[in-house]
Amino acid sequence: MDYLFAVLLFAISSSVIRGPNNIMLMTSGLNFGVRKSQPLLAGICQGFAQLFTWYPGLHLIIKCVSTLYLLYLAQLA
């Protein structure tokens, strides 16, 4: 059951957050365990929420860029 919770936590974090934050969470989970890594995950999520609060137009920009990137990938397939 503990492994299922760890995999679920990593799946949520990796689907929301990209890049070095995933590596930090994975390393923290391996070194300190899932329970002690939860504050790190909460801090990362809170930081991104604050970023979107400061720059509300950023969400639209990210959606447009991601849509264009997906269309580009679809063209390659």
Side-chain angles (χ1 to χ4, degrees):
M1 190 65 159
D2 221 18
Y3 290 114
L4 179 63
F5 183 66
V7 169
L8 181 64
L9 188 64
F10 182 73
I12 291 170
S13 67
S14 65
S15 67
V16 175
I17 307 165
R18 302 282 184 243
N21 294 326
N22 284 337
I23 303 298
M24 278 193 323
L25 284 169
M26 182 180 65
T27 305
S28 178
L30 286 172
N31 290 330
F32 306 112
V34 175
R35 290 190 194 274
K36 289 186 179 179
S37 299
Q38 286 177 345
L40 177 62
L41 176 63
I44 291 170
C45 291
Q46 181 62 33
F48 273 95
Q50 188 65 37
L51 186 66
F52 287 127
T53 303
W54 287 340
Y55 305 106
L58 185 62
H59 193 262
L60 178 64
I61 292 170
I62 289 174
K63 284 198 293 189
C64 291
V65 169
S66 347
T67 302
L68 291 174
Y69 181 64
L70 286 174
L71 289 173
Y72 169 74
L73 290 177
Q75 174 194 1
L76 294 178

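Positions are given from 1, in the same order as the sequence printed here.
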J.: When clusters are formed by joining ILVMFWY residues with side-chain heavy atoms under 4.5 Å apart, either directly or through shared neighbours, do Leu76 and Tyr69 land in the same one?
T.: yes
J.: When Ile, Leu, Val, Met, Phe, Trp and Tyr are grouped by side-chain heavy atoms lying under 4.5 Å apart, directly or through other members, which residues fall in the same group as Leu60?
T.: none
J.: Would you please name every residue forming a side chain to side chain contact (heavy atoms under 4.5 Å, CB included) with Leu30, sequence neighbours left out?
T.: Met26
J.: Identify each donor-acceptor pair in which a side-chain atom of residues 37-48 lies under 3.5 Å from a protein atom, sequence neighbours left out, and give them as a table.
T.:
| from | atom 1 | to | atom 2 | distance (Å) |
| --- | --- | --- | --- | --- |
| Ser37 | OG | Ser28 | O | 3.1 |
| Ser37 | OG | Ser28 | OG | 2.8 |
| Ser37 | OG | Gly29 | N | 3.2 |
| Ser37 | OG | Gly33 | O | 2.8 |

J.: With the 4.5 Å side-chain cut-off for hydrophobic clustering, are Ile62 and Tyr55 part of the same group?
T.: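 Result: yes, single cluster for both.
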J.: With the 4.5 Å side-chain cut-off for hydrophobic clustering, are Trp54 and Leu58 part of the same group?
T.: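 Cluster IDs for Trp54 and Leu58 match.
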